[in-house]
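Reading through the structure tokens given below for one structure.
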Amino acid sequence: MVRGRSVRGRVPAVIALAAGLGACAGTPRGVLAPVAATVPGASRVEMLVATTRKTAANPGEMYSGDRGPALSYADITVSIPPDSVRRPGTVQWPKELPGNPATDFVTLKAEALDQPEATDRLRRSAARTGKRHVLVFVHGFNNRFEDAVYRFAQIVHDTRAEVVPVLFTWPSRGSVLAYGYDRESTNYSRNALEAVLRRLSRSPEVSEVTVLAHSMGNWLVLESLRQMAIRDGRVAQKIRDVVLAAPDVDVDLAREAFRDMGPSRPRLSLFVSQDDNALAVSRLVWGSSGARLGAIDPTSEPYRSELARENIAVLNLTAMKGDDALNHGKFAGSPQLVALLGNRLAQGQTITDSRVGLGDRIVQMTAGAAATVGTAAGLAVSAPVAVVDPQSRETYGEHLRSLGESIGTTAEGAVDLATAPARALGGR
């Protein structure tokens with residue numbers, strides 16, 4: 001058949017394209033090395049970081065994608081260039097090091113802390129600013145440490161939220177080929193996130209906690225809250241609001257988590273989009289017959305009745321145009337929605353469709369689509385994503401070299417899988 005020749009011809013083409021992408025220049029490594037000073041008009045975002053990542057060999061990266069032996073903490077301050085030179089919702093990465101604080105996001109402080117120092121840092125921050133509301137952000141798949149830090153700094157700055165920012169970052173490889181590794185890393189981090197949320201809830205300096213999760217980070221959040229409820233009989237009372245943005249979570253597993261949290265669980269707000277192509281690929285890779293929670297149609301049954309019964313507020317973003325080709329980062333975009341997320345939610349108000357016009361869009365988050373690991377199928381699934389995801393290009397070349405030997409035996413399956421995300425991106 002001609003099909004065999006077609007398969008063998010198309011797979012090398014995919015590899016060649018991806019290899020070219022891997023050679024493209026991306027953001028420089030080491031952006032967390034502090035610069036001496038910032039510029040007039042720039043803004044500062046100070047955050048407390050808790051992480052299950054391993055310390056990186058390069059101090060400018062601080063933490064790697066490997067799993068650390070224990071929970072670590074850091075105190076980080078990011079300088080954001082003046083509003084006159086940037087669009088809300090964007091992270092302006094330096095093109096070279098050191099970055100220019102007049103035009104780029106740069107780091108002013110990046111210090112490792114032990115647990116007592118982190119507790120003291122939280123206390124001093126609350127006392128100095130008068131803010132007692134903590135916003136915990138849990139990022140999604142395909143995020144390096146610096147990705148999570150700068151993106152959270154952008155969210156905090158653009159929302160103008162009156163909160164103490166706490167970033168929880170788990171060991172993501174920062175590669176579209178590492179979907180399986182990232183997924184297991186969220187499971188690895190469940191106890192650590194639960195411990196962080198429990199400590200925040202027990203702190204006398206904290207009056208309220210809001211948790212914002214994106215993509216695969218939703219699985220980590222739901223599992224940690226579920227564990228807390230099982231251990232303690234309920235989710236801690238200070239955890240008032242949980243925002244589930246584009247959750248890469250199986251609907252059946254989400255139902256179990258909601259049930260196990262009990263009737264006194266936090267208020268839940270769900271951001272969904274039926275044209276989320278990253279979640280479509282995730283469903284393909286997992287072989288699931290059910291929908292991912294972030295891609296359901298909340299107006300159809302059984303979801304409509306279930307969401308009403310569970311008192312879950314839903315923001316359906318399907319009709320909104322996303323900034324990213326995968327439509328996976330709609331949840332935090334236009335100035336209007338950024339203000340809604342930062343001010344309304346931080347004040348304990350739930351988000352519903354009635355508060356948001358369909359013409360609004362929200363800020364693109366770093367995210368990626370799913371990929372299998374260690375096979376040519378993974379390369380083929382990931383190649384279309386690398387085209388639209390600049391962060392993925394930097395690591396693509398090394399993965400191609402390490403996985404090249406597996407191409408021969410799995411080429412046909414690779415092409416079959418590759419056509420699905422290509423179609424989702426508008427290809428044929």
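In Arg44, the CZ atom is not crowded: 12 or fewer heavy atoms of neighbouring residues, nucleotides or ligands sit closer than 6.0 Å. The number of heavy atoms from other shown groups lying within 6.0 Å of CG (Asn311) does not exceed 12.
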For this session: Determine, stepwise, if the pair Ser172 / Asn143 fulfils side-chain hydrogen bond (donor to acceptor under 3.5 Å, both in side chains).
Result: CA-CA 6 Å; Ser172 167; Asn143 273 228; 5.7 Å; no

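Salt-bridge annotation for Asp66 and Arg173: present, with a side-chain N of the basic residue lying under 4.0 Å from a carboxylate O of the acidic one. Salt bridge Glu256/Arg226: absent, no basic N to carboxylate O contact under 4.0 Å.
Between the side chains of Ser207 and His133, no donor-acceptor pair is found at a separation under 3.5 Å.
Here the CE-CG distance, from Met216 to Asp248, works out to 5.5 Å after rounding to the nearest 0.5 Å. Distance check, rounded to the nearest 0.5 Å: CG of Leu212 to OG of Ser269 gives 10.5 Å.
Side-chain atoms of Leu197 and Val136, non-hydrogen and from C-beta on, do get closer than 4.5 Å to each other. Contact of the Trp93 side chain with the Pro28 side chain is not registered, since no non-hydrogen atoms from C-beta on lie closer than 4.5 Å. A 4.5 Å side-chain heavy-atom check between Arg86 and Asp83 finds at least one atom pair inside the cut-off. Counting heavy atoms from C-beta on, the side chains of Gln227 and Arg190 come closer than 4.5 Å.
Under the ring-ring contact (aromatic ring centres under 6.0 Å, His included) criterion, the residue pairs touching residues 50-74 are Tyr63-Phe145, with sequence neighbours excluded. Within the structure, side-chain hydrogen bond (donor to acceptor under 3.5 Å, both in side chains) contacts touching residues 107-116 (residues at least two apart or in different chains) are Asp75-Lys109, Thr107-Tyr150, Gln115-Thr119.
Smallest separation of non-hydrogen atoms from Ser185 and Ser189: O-OG, 2.8 Å. Of all non-hydrogen atoms in Asn218 and Ala245, the two that sit nearest each other are ND2-O, 3.1 Å. When every heavy atom of Arg144 is checked against every heavy atom of Arg53, the shortest pair comes out as C-NH2, 3.6 Å. Counting all heavy atoms, side chain and backbone alike, Ser203 lies closest to Leu122 at OG-CD2, 4.1 Å. Here the closest non-hydrogen pair linking Ala148 and Thr169 is CB-OG1, 4.2 Å.
Aromatic ring centres of Phe141 and Tyr179 lie closer together than 6.0 Å.
Each of Asp241, Val243, Ile312 was scored for a side-chain contact (heavy atoms from CB on, under 4.5 Å) with Arg267, with one residue passing: Asp241.
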